[in-house]
There are 2 protein chains.
Amino acid sequence: MKIRKLYNRIAILRQERGISRKELAEKIGVNFQTIGYLEREEYNPSLDLAFRISEVFGLPIDFIFSTKPLKPLSQVLIEKF
Amino acid sequence: MKIRKLYNRIAILRQERGISRKELAEKIGVNFQTIGYLEREEYNPSLDLAFRISEVFGLPIDFIFSTKPLKPLSQVLIEKF
DNA sequence: ACAAAATGTTGTATATTTACAATAATTAAT
DNA sequence: ATTAATTATTGTAAATATACAACATTTTGT
């Protein structure tokens, strides 16, 4: 299976909550550098890791991750008006 | 990260649609034995593969996959009454 | 009952993800 | 301005996912 690059909102969600990668990594049970890789989208998480992130943020996987580049949350929100 | 076993509804969703593993595998672009491994929950898919499955069935990832054992669809449906 | 199709099992090889360490660069705090 | 904290970069090793093949078993169709 030829890999497909995935996109995510990890960086913004983490910043919204005002925590560092190290803190997020601890909540998730993963090395803090792994968070860096994911935020830079250098590789895709396993489904298990995606679920952990989803659980920490309390948001569904499809909201955090996408096969297509993600619009800024502000724009998504305004489109709901 | 110690791996966590994940659960999924791939087998029922595939059977609902009346297709074989081979056919599903072709739609997804993966080896047909990989579908077997996933249905038997012998290992977890990558997030990319989870997205492909989600796209083929037209259902969100959180509906198809779960960190906890999944109730039969019939039961989930009845609980909505 | 038989043949064909689908699924399961076992084994090996490759690709991708995760961990970890050491150091550089950037940003934040004092 | 300096220190501390955070993030980026590079490299290596380990764990897990995916591909593929060959054969056994089960199920389905006729």
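Side chains included, hydrogens not; waters and symmetry mates left out as well; all remaining heavy atoms used. Chain letters run A, B, ... following the sequence lines, proteins first and then strands; every chain starts at 1. Predicted, not measured: the structure shown is a model, and the values here were computed from it.
In this structure, the CD1 atom of A:I35 is 13 Å from the C1' atom of C:dT17, given to the nearest Å. Taking atom NZ on A:K22 and atom C1' on C:dT26, their separation rounds to 18 Å, with Å as the unit. Per the geometry, NZ belonging to A:K5 stands 14 Å off P belonging to C:dT16, to the nearest Å. A straight line from CD1 of B:I10 to C1' of D:dA17 spans 13 Å, rounded to a whole angstrom. D:dC20 atom P lies 12 Å from atom CE of A:M1, rounded to whole Å. Rounded to whole angstrom, the span from the CD1 atom of B:I28 across to the P atom of D:dA17 amounts to 16 Å.
When each of A:K2 and A:Q15 is assigned the nucleotide of DNA chain D with its nearest heavy atom, A:Q15 is the one assigned upstream, toward the 5' end.
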### Message
Protein within reach of the bases, or only the backbone? For nucleotides 22-30 of chain D, mark each nucleotide 5' to 3' as B, S or -, using heavy atoms under 4.0 Å.
### Response
B--------
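Interatomic distance, A:L6 CG to A:S66 OG, rounded to the nearest 0.5 Å: 8.0 Å. We find the CG-CZ distance between A:L47 and B:F51 to be 9.5 Å, quoted to the nearest 0.5 Å. Rounded to the nearest 0.5 Å, atoms NZ (A:K68) and CZ (A:R4) are 10.0 Å apart. The line from CG of B:L70 to CD1 of B:I64 is 10.5 Å long, rounded to the nearest 0.5 Å. Once rounded to the nearest 0.5 Å, the distance linking CG of B:L49 with OG of B:S54 reads 11.0 Å.
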### Task
Decide salt bridge (Lys or Arg N to Asp or Glu O under 4.0 Å) for A:K22 and A:E26; before the verdict, give the C-alpha distance in whole Å, the side-chain angles of both, and the deciding distance to 0.1 Å.
CA-CA 6 Å; A:K22 193 159 164 293; A:E26 280 158 9; 3.4 Å; yes
### Query
Would B:V76 and B:R9 count as a side-chain contact (heavy atoms from CB on, under 4.5 Å) if you check the C-alpha gap in whole Å, the side-chain angles of each, and the deciding distance to 0.1 Å?
CA-CA 13 Å; B:V76 174; B:R9 296 194 211 276; 4.1 Å; yes
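Contact annotation: B:R4 does not reach the phosphate of D:dT16 (side-chain N/O to OP1 or OP2, under 4.0 Å). Of the side-chain N and O atoms in B:N31, none sit less than 4.0 angstrom from OP1 or OP2 of D:dT18. Phosphate contact (OP1/OP2 of C:dA19, side-chain N/O of A:T34, threshold under 4.0 Å): present.
Judged by distance alone, the side chain of A:S46 and the main-chain N or O of B:S46 form no donor-acceptor pair under 3.5 Å.
Environment of NZ in A:K71: sparse, with no more than 12 heavy atoms of neighbouring residues, nucleotides or ligands closer than 6.0 Å.
Here the side chain of A:S20 is nearest to one of C:dT7, D:dT7, D:dA19, namely D:dT7. Comparing D:dT18, C:dT7, C:dT18 against the side chain of B:R21 picks out C:dT7 as the nearest. Side-chain atoms of B:V30 lie closest to D:dT18 of the nucleotides D:dT16, D:dT7, D:dT18.
If you check residues 37-68 of chain A against DNA chain D, the residues with a heavy atom closer than 4.0 Å are A:Y37, A:R40, listed by number.
Comparing the axis of the opening five pairs of the helix from C:dA1-D:dT30 to C:dT30-D:dA1 with that of the closing five pairs yields an angle of 60°, rounded to 10°.
Between B:I28 and B:T34 the shortest side-chain heavy-atom distance does not fall below 4.5 Å.
A salt bridge links A:R14 and A:E39; the closest N-O separation between the charged side-chain nitrogens and carboxylate oxygens is under 4.0 Å.
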